[in-house]
Amino acid sequence: MTGKTKTINDLEAFIKTVYSLESIEEIRSKIEGNKDILGGQEYFVDKILGSRSVERARYYLERLLDSLSAVKTNGINDINLNRWNDYDDIITDSLWNFEKRDRSGTHLGWYWGNFVPQIPRQLILRYTKKGDWILDPFMGSGTTLIECKIQGRNGLGVDLNGDVVSKASERISLQKGIEPASVKALVADSTISDFSSMVEDSSFNGFQLAILHPPYHDIIKFSGDSRDLSNKNSVEDFLESMRAVIRNSKKALKTNGIMAIVIGDKFNDSKLEPLGFMTMNAAMEEGLMLKSIVVKNFDSTRGKRNQEKLWRYRAFSGGFYVFKHEYILILQNTARNALRRT
Ligand SMILES: C[S@@+](CC[C@H](N)C(=O)[O-])C[C@H]1O[C@@H](n2cnc3c(N)ncnc32)[C@H](O)[C@@H]1O
């Protein structure tokens, strides 16, 4: 067979072709030459390569075919591991490069400082199943909640800014949802919120995923509210508030649930303030286990794009590199969390 097998149908056709071969040598060489497309099926590959007769090899080929129609998941998402080759749209590398913002659904990208829908979408597909609960304590324009509806997940979004929450709610309500999506947007201060108590669904037993996209300290001022993390006087104060939101989110996460923090760094007085790594350390000190550091390309803001030459000059003269990336920190709550309702 030439080229790569992409779909389950191709794989089935390939197995049937191998089945029709008349000699064990031919079967072995066909399997040996296409091992890459049989990834995840190592058990059967070994058995077929170890078979001494055509009959024995065919027995394992039949079992391999059966296994392709069975559903096997890792228990935390809906990805069928027997069909892992079918999920071209799900990223497994740590470098995320999105050329364009996704414009499907009711996403508009109207909010300055929003993230692209691809970020929550990727996280939702990797770390949740249909019907799971997702928390976004810095919901802004509701990108996460719109994705929850599209993917059939339940979501709670919280933001300090009432005007933003009401505009976001309009967009969210226009999005058609897949059952059983139930989403709720609330105005509250996430540094002092008990997120579990905000969900009024009797079947709720904790969040499986929390997506935190805080202000990158004072790079964008989101409001005049002193509780807003973009108004904290120093990086230390910002980190203290960030720690409070991490703690509150962790308390509401299920055991083994995932916290993803989307954050970039900043410059201050010619000095780099590594907000990403400082926040990552804070999260680890709060007891979360680090699973991945994803680096995502950072599209220039409209303002910066007009000033690209100026930034290049500044980089030359100041001896630094212009930011083109931000982080998505993936952490896991390994602590046993019992859901407490007040
Ligand atoms: C970077 S934006 C999030 C954007 C969002 N991911 C989106 O796609 O629209 C950060 C948000 O955090 C909110 N925020 C800042 N401090 C907060 C706090 N203490 N509690 C709740 N929300 C807060 C701001 O109002 C702002 O909307």
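Remember, predicted model here, so these are calculated numbers, not experimental data. Just the heavy atoms: all of them, side chains too, but no hydrogens, waters or symmetry mates, feed the values below. Start at 1 and go down the list; that is how both ligands and their atoms are numbered.
Under a 4.0 Å criterion applied to the non-hydrogen atoms of P214, ligand 1 contributes the atoms 1 (C). Close contacts of ligand 1 with N114, meaning ligand atoms under 4.0 Å from a residue heavy atom, involve 4 (C), 7 (C), 8 (O), 9 (O). Near Y111, the atoms of ligand 1 lying under 4.0 angstrom from a non-hydrogen atom of the residue are 9 (O), 25 (O), 26 (C), 27 (O). In the vicinity of T143, heavy-atom distances shorter than 4.0 Å reach the ligand 1 atoms 7 (C), 8 (O), 9 (O). Each of the atoms 20 (N), 21 (C) of ligand 1 lies under 4.0 Å from some heavy atom of A188. Residue S141 approaches ligand 1 through these ligand atoms, each under 4.0 Å from one of its heavy atoms: 7 (C), 8 (O), 9 (O). The contact set between ligand 1 and G113, taken as ligand atoms under 4.0 Å from a residue heavy atom, comprises 1 (C), 2 (S), 4 (C). Close approach of ligand 1 to F222 is summarised as follows: ligand atoms under 4.0 Å from at least one heavy atom of the residue are 1 (C), 2 (S), 24 (C), 25 (O), 26 (C).
Some N or O of D189 is nearer than 3.5 Å to an N or O of ligand 1, by distance alone. Backbone and side-chain nitrogen or oxygen atoms of D136 are examined, and none is located within less than 3.5 angstrom of a nitrogen or oxygen of ligand 1. Annotation: N161 places no N or O atom under 3.5 Å from an N or O atom of ligand 1; distance criterion only. Residue V164 places no N or O, backbone or side chain, under 3.5 Å from any N or O of ligand 1.
In this structure, the ring of Y111 has its center less than 6.0 angstrom from the ring center of F222. Between H213 and F115, a ring centre-to-centre spacing shorter than 6.0 Å is recorded.
Here I48 contributes atom CD1 and R63 contributes atom CZ; the two are 10.5 Å apart, rounded to the nearest 0.5 Å. Summarising the geometry, atom CG belonging to L209 is positioned 13.0 Å from atom NZ belonging to K129; distances are rounded to the nearest 0.5 Å.
In terms of protein heavy atoms, atom 14 (N) of ligand 1 is closest to F138 CD2, 3.7 Å. Looking from atom 20 (N) of ligand 1 to the surrounding protein, the closest heavy atom is S190 N, 3.0 Å. With respect to atom 16 (N) of ligand 1, the closest heavy atom belonging to the protein is L229 N, 3.1 Å. The shortest contact between atom 15 (C) of ligand 1 and any protein heavy atom is with D228 OD1, 3.2 Å. Closest to atom 11 (C) of ligand 1, if we only count protein heavy atoms, is D159 OD2, 3.5 Å. In terms of protein heavy-atom proximity, atom 22 (N) of ligand 1 is closest to L160 N, 3.2 Å.
Taking a cutoff of 4.0 Å between a charged side-chain nitrogen and a carboxylate oxygen, D225 and R227 qualify as a salt bridge. Under 4.0 Å is where a charged nitrogen must lie from a carboxylate oxygen, and between K296 and E326 at least one such pair does. With respect to D228 and K221, no salt bridge is recorded, no charged nitrogen being found less than 4.0 Å from a carboxylate O. Looking at E286 and R243, a side-chain N of the basic residue comes within less than 4.0 Å of a carboxylate O on the acidic one, giving a salt bridge. A salt bridge is absent between K232 and E240; no separation between the charged side-chain nitrogens and carboxylate oxygens falls under 4.0 Å.
Contact annotation for F115 and ligand 1: heavy atoms of both the backbone and the side chain come within less than 4.0 Å of the ligand. Under 4.0 Å from ligand 1, not a single heavy atom of A168 appears. Contact annotation: for P137 versus ligand 1, heavy atoms closer than 4.0 Å belong to the backbone alone.
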*List the steps, then state whether salt bridge (Lys or Arg N to Asp or Glu O under 4.0 Å) holds for D102 with R121.*
CA-CA 10 Å; D102 181 88; R121 183 174 314 149; 3.1 Å; yes

*Between L229 and M242, does a side chain to side chain contact (heavy atoms under 4.5 Å, CB included) hold up when you go through it step by step?*
CA-CA 8 Å; L229 270 67; M242 201 46 216; 3.8 Å; yes

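Of the listed options E147, M139, R227, K232, M139 places a heavy atom closest to atom 5 (C) of ligand 1. The heavy atom nearest to atom 6 (N) of ligand 1, out of those in M242, H107, K221, H213, is found in H213.
Side-chain atoms of Q208 come within 3.5 Å of backbone atoms of Y127 as a donor-acceptor pair (strictly under, hydrogens ignored). Not one N or O on the side chain of N297 forms a donor-acceptor pair closer than 3.5 Å with the backbone of H325.
With respect to F267, the ring pair (Phe, Tyr, Trp, His ring centres under 6.0 Å) criterion is satisfied by exactly one of W311, F320, Y216, Y321: F320.
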